[in-house]
Amino acid sequence: QVQLVESGGGLVQAGGSLRLACAASGRTLSNYAMGWFRQAPGKEREFVAAITWSGDRIYYVGSLKGRFTISRDNAKNTVYLQMNNLKPEDTAVYYCAGGRTGGNLYLITEYIYWGQGTQVTVSS
């Protein structure tokens, strides 16, 4: 069993940056692909980014590529999401998730473990 805890969310002005972290406990993350998703009020949870366990493959939703960067430190059992030039439409609860490498990491159904989420609010 893996427990995931996100941190780093908060309130930021448009154009600002935040760095989210997702710390795992219970088992090592080394064998899992990790993803970030987000859910805005009244909307479905959507894919943001994912990274394989070795970090050799990284995936982004096209609209966020260039502003968001996913990375991982397996020694620290932590995954990060660096978010730059934030926009009000980035406001959402951000979730990290762990899934088996080899699946379609764009899909929610590929992920086994989920964190509780961290709120990101971007003011205009």
Side-chain angles (χ1 to χ4, degrees):
Q1 190 74 11
V2 175
Q3 292 81 42
L4 303 175
V5 178
E6 301 95 338
S7 62
L11 175 63
V12 64
Q13 288 187 332
S17 298
L18 284 174
R19 188 192 195 202
L20 305 183
C22 173
S25 61
R27 291 182 65 177
T28 178
L29 285 180
S30 296
N31 295 324
Y32 293 91
M34 297 300 296
W36 285 96
F37 289 75
R38 68 184 184 182
Q39 188 166 17
K43 295 187 177 181
E44 293 187 351
R45 194 170 299 188
E46 62 176 3
F47 172 81
V48 173
I51 185 169
T52 54
W53 75 269
S54 65
D56 63 336
R57 281 171 287 168
I58 292 175
Y59 308 90
Y60 296 100
V61 63
S63 60
L64 298 178
K65 192 174 183 178
R67 293 197 297 122
F68 287 18
T69 303
I70 189 172
S71 61
R72 67 189 297 164
D73 186 336
N74 287 340
K76 294 182 178 180
N77 247 13
T78 302
V79 178
Y80 304 96
L81 185 68
Q82 177 68 44
M83 306 185 295
N84 297 327
N85 190 22
L86 284 161
K87 303 176 180 181
E89 52 264 42
D90 295 318
T91 295
V93 177
Y94 284 71
Y95 299 89
C96 72
R100 294 188 182 93
T101 297
N104 183 339
L105 296 180
Y106 292 94
L107 300 179
I108 288 177
T109 51
E110 292 293 330
Y111 294 86
I112 305 168
Y113 303 110
W114 290 86
Q116 293 299 307
T118 185
Q119 176 70 47
V120 171
T121 303
V122 185
S123 63
S124 58

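Side chains are part of it too, since the values below use all heavy atoms of this structure and drop only hydrogens, waters and symmetry mates.
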Is it possible for you to say whether [X] and [Y] belong to one hydrophobic cluster, with membership spreading through side-chain heavy-atom contacts below 4.5 Å?
{"X": "Y80", "Y": "V61", "answer": "no"}
{"X": "Y106", "Y": "F68", "answer": "yes"}
{"X": "Y60", "Y": "W53", "answer": "no"}
{"X": "L81", "Y": "L11", "answer": "no"}
{"X": "Y59", "Y": "V79", "answer": "yes"}

Separation between CG of N84 and CG of L64, rounded to the nearest 0.5 Å | 11.5 Å
What distance separates Q82 CD from I70 CD1, expressed to the nearest 0.5 Å?
->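 If we round to the nearest 0.5 Å, Q82:CD and I70:CD1 are 12.5 Å apart.
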Nearest heavy atoms of [X] and [Y], plus distance in Å:
{"X": "A50", "Y": "L105", "result": "CB-CB, 3.8 Å"}
{"X": "S124", "Y": "A14", "result": "CA-CB, 4.4 Å"}
{"X": "T78", "Y": "A21", "result": "CG2-CB, 4.2 Å"}
{"X": "L4", "Y": "G98", "result": "CD1-N, 3.8 Å"}
{"X": "Y95", "Y": "R45", "result": "CZ-NH2, 3.4 Å"}
{"X": "I51", "Y": "S71", "result": "CD1-CA, 4.0 Å"}

Test item: R72 side-chain N/O and T52 main-chain N/O as donor-acceptor pair under 3.5 Å =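 Checking the backbone N and O of T52 against the side chain of R72, a donor-acceptor pair under 3.5 Å is found.
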Is the backbone N or O of C22 less than 3.5 Å from a side-chain atom of E6, with the two atoms forming a donor-acceptor pair by type?
->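 Checked: no pair found.
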Between M83 and V12, is any pair of side-chain heavy atoms under 4.5 Å apart?
-> no
Contacts of type side chain to side chain donor-acceptor pair (under 3.5 Å), residue D90, not counting sequence neighbours |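 For D90, the residues satisfying side chain to side chain donor-acceptor pair (under 3.5 Å) (neighbours in sequence not counted) are R38, R67.
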ring-ring contact (aromatic ring centres under 6.0 Å, His included) between F37 and Y111, worked out = CA-CA 11 Å; F37 289 75; Y111 294 86; 5.1 Å; yes
Begin with the C-alpha distance, continue with both residues' side-chain angles, and end with the deciding distance and a verdict on side-chain contact (heavy atoms from CB on, under 4.5 Å) for T91 and Q119.
-> CA-CA 8 Å; T91 295; Q119 176 70 47; 4.0 Å; yes
Quick check: are there more than 12 heavy atoms from other residues, nucleotides or ligands sitting under 6.0 Å from CH2 of W114?
->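 Enclosed.
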